[in-house]
Asks: 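Before we start, here is the structure in question, set down as structure tokens.
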Protein chains: 2
Amino acid sequence: MTDWLTIGEAAEQTGLSAKQIRHYEARGLVRDAHRSDAGYRLYDCHQVQQLTLIRQARYLGFSLREIDALLQLWADPTRASKDVKALAERHRQAIRQRITELQQLEKTLSALEADCRGDDDPDCAILASLTDPEHRT
Amino acid sequence: MTDWLTIGEAAEQTGLSAKQIRHYEARGLVRDAHRSDAGYRLYDCHQVQQLTLIRQARYLGFSLREIDALLQLWADPTRASKDVKALAERHRQAIRQRITELQQLEKTLSALEADCRGDDDPDCAILASLTDPEHRT
DNA sequence: CCTTGACCTTACCCTTGTGGTAACCTTTAT
DNA sequence: ATAAAGGTTACCACAAGGGTAAGGTCAAGG
């Protein structure tokens, strides 16, 4: 009487696409799903929960590799929550790092734009700067 | 007497890799390079300047598609600098948008982490939240 | 003259995380 | 019975390159 879901139903419940679910299985992120007689994948609520975790973690920007680690911890009843927290913290630091980089880019772009008159004249400080190997980054 | 550079020399001057330069040619971003009798690609200073533009623009996070547009403008003596500025501005807005998204992610992660005790106990608020399809994003 | 090493050439596979398509089979409803 | 909707695999594509192989070329030195 367990209610099995087809991949489409599981997709709808989790917010993933069926394609994504198959992909995660192919990547070994989740175990191969059960199959109906006709070969249809069937999911129980435990697997739906697992897929939900993937979906939410993807939304938060975790890579599939990181999610793999999260799933290992999730499946391990002897885990320490500090290990989960450490994973999250590392990811958060990566995000902060990326934000800093993007802010620097934005600053540089902003300065370039300020130097460009932005009129109908071909003379353009942005192009001039881009073609100048000034501070070789 | 024009001093032609081989691809390695052009790479060194621009900060690109030889691989990247070939890639840009294959993508049609730059015209096919001249060739020596032996088939070696040869670059003049105009092309080196063009490659420098690509390198700098890539550094600023422009996509190759955007750079294609920049190169069109660069090559066009009748360009209006406002068109260049508009390209830069659009890119800058995309960066700002991305920063906002990442900041939101960071905030969410931060909140999750705050709820996790991070000790040796398996009970973990982060995992609990991830497996909960609460606010289906 | 010939070798050695550094450089060049093409061509192919790998990455990340999907989307798209085709060709085909199953289930469900009419 | 038939058609729509949904499942299956397998393959191609993207961005923007990196890695490697198998081979051609160039300059220096013994």
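Every chain is numbered from 1 and lettered A, B, ... according to where its sequence line falls, protein lines coming before strand lines.
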Asks: Quick one: Leu42(A) CG to dT26(C) P, roughly how many Å, whole number?
Replies: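 It is 15 Å, rounded to the nearest whole Å.
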Asks: Run through His23(B), Arg55(B), Arg22(B) and flag the one making a side chain to side chain contact (heavy atoms under 4.5 Å, CB included) with Leu16(B).
Replies: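 Going through His23(B), Arg55(B), Arg22(B) one by one, the side chain to side chain contact (heavy atoms under 4.5 Å, CB included) with Leu16(B) is satisfied by Arg55(B) alone.
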Asks: Can you check the Glu66(B) CD to dA15(D) C1' distance for me, whole Å?
Replies: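 Glu66(B) atom CD is separated from dA15(D) atom C1' by 12 Å.
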Asks: Whole-Å distance between dT15(C) P and His23(A) NE2?
Replies: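 Value for this atom pair: 10 Å.
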Asks: Could you report the tightest heavy-atom contact between Gln47(B) and Ala33(B), atom names first, then the distance?
Replies: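 Where Gln47(B) meets Ala33(B) most closely, the heavy atoms are NE2-CA, 4.1 Å.
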Asks: Using the side chain to side chain contact (heavy atoms under 4.5 Å, CB included) definition, which of the options Arg58(B), Lys19(B), Gln50(B) pairs with Tyr24(B)?
Replies: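 With Tyr24(B) as partner, side chain to side chain contact (heavy atoms under 4.5 Å, CB included) holds for just one option, Arg58(B).
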Asks: Between dA5(D) atom C1' and Glu12(A) atom CD, what is the distance in whole Å?
Replies: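 Going from Glu12(A) (CD) to dA5(D) (C1'), I get 14 Å.
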Asks: Please report the C-alpha distance between Asp83(B) and Arg79(B) in whole Å, then the side-chain angles of each, then the deciding distance to 0.1 Å, and finally whether the salt bridge (charged side-chain N to carboxylate O under 4.0 Å, His left out) criterion is met.
Replies: CA-CA 7 Å; Asp83(B) 291 339; Arg79(B) 68 175 166 260; over 6 Å; no
Asks: Indicate, with a heavy-atom threshold strictly under 4.0 Å, whether Ser63(A) touches base, sugar-phosphate, or nothing.
Replies: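 Touches sugar-phosphate only.
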Asks: Starting the side chain at C-beta, find the nucleotide from dT9(C), dG20(C), dT18(C) nearest to Leu64(A).
Replies: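 Out of dT9(C), dG20(C), dT18(C), the nucleotide with an atom closest to Leu64(A)'s side chain is dT18(C).
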Asks: Glu25(B) and side chain to side chain donor-acceptor pair (under 3.5 Å): which single residue from Arg41(B), Gln20(B), Arg31(B) fits?
Replies: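 Result: among Arg41(B), Gln20(B), Arg31(B), Arg41(B) is the only option passing the side chain to side chain donor-acceptor pair (under 3.5 Å) with Glu25(B).
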Asks: The side chain of Arg58(A) is closest to which nucleotide in this list: dG17(C), dT8(D), dG18(D)?
Replies: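 Of dG17(C), dT8(D), dG18(D), dG17(C) is nearest to the side chain of Arg58(A).
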Asks: How long is the line joining CD1 of Ile21(B) and C1' of dA16(D), in whole Å?
Replies: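 It is 15 Å, rounded to the nearest whole Å.
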Asks: Closer to the 5' end of DNA chain D via nearest nucleotide, is it Arg27(B) or Ser17(B)?
Replies: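 Result: Arg27(B).
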Asks: I need the CG-P distance between Leu29(A) and dT16(C), as an integer number of Å.
Replies: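 Answer to the nearest Å: 12 Å.
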Asks: Would you call Arg27(B)-Asp68(B) a salt bridge at under 4.0 Å N-O?
Replies: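 Salt bridge between Arg27(B) and Asp68(B), a charged N being under 4.0 Å from a carboxylate O: no.
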Asks: Taking only the side-chain nitrogens and oxygens of Tyr24(A), find out if one of them lies under 4.0 Å from OP1 or OP2 of dG17(C).
Replies: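 So the side-chain polar atoms of Tyr24(A) never come under 4.0 Å of the phosphate oxygens OP1 or OP2 of dG17(C).
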Asks: Using distance alone, with no hydrogens and no angle criterion, decide if Ser81(A) and Asp119(B) have a side-chain donor and acceptor under 3.5 Å apart.
Replies: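 Result is yes, a qualifying pair exists.
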Asks: From NZ of Lys19(B) over to P of dG17(D), roughly how many Å is that when rounded to an integer?
Replies: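 Nearest whole value for this atom pair: 12 Å.
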Asks: Which is true for Arg22(B) with a 4.0 Å heavy-atom rule: it touches a base, it touches only sugar-phosphate, or it touches nothing?
Replies: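 Result for Arg22(B) = base.
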Asks: Using whole Å, what does the distance between atom P of nucleotide dG17(C) and atom OH of Tyr59(A) come to?
Replies: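 Rounded to the whole Å, the gap is 18 Å.
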Asks: Return no unless some side-chain N or O of Arg41(A) is found under 4.0 Å from OP1 or OP2 of dT8(D).
Replies: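 Checking Arg41(A) against dT8(D): at least one side-chain N or O falls below 4.0 Å of OP1 or OP2.
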Asks: Polar pairs (N or O, both sides) under 3.5 Å between protein and nucleotides 2-7 of chain C?
Replies:
residue, atom, partner, partner atom, Å
dC7(C), O2, Tyr40(B), OH, 3.4

Asks: Show your working on side chain to side chain donor-acceptor pair (under 3.5 Å) between Gln97(A) and Gln93(A) and close with a plain yes or no.
Replies: CA-CA 6 Å; Gln97(A) 165 86 30; Gln93(A) 288 308 324; over 6 Å; no
Asks: Roughly how bent is the helix from dC1(C)-dG30(D) to dT30(C)-dA1(D) end to end, in steps of 10 degrees, with each end axis from five pairs?
Replies: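 Its terminal axes enclose an angle near 30°.
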Asks: Considering only NZ, NE, NH1 and NH2 on the basic side and carboxylate oxygens on the acidic side, decide whether Glu113(B) and Lys85(A) come within less than 4.0 Å.
Replies: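 Answer for the salt bridge query: no.
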Asks: Taking the six-membered ring for Trp, are His46(B) and Trp4(B) ring centroids under 6.0 Å apart?
Replies: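 No, too far apart.
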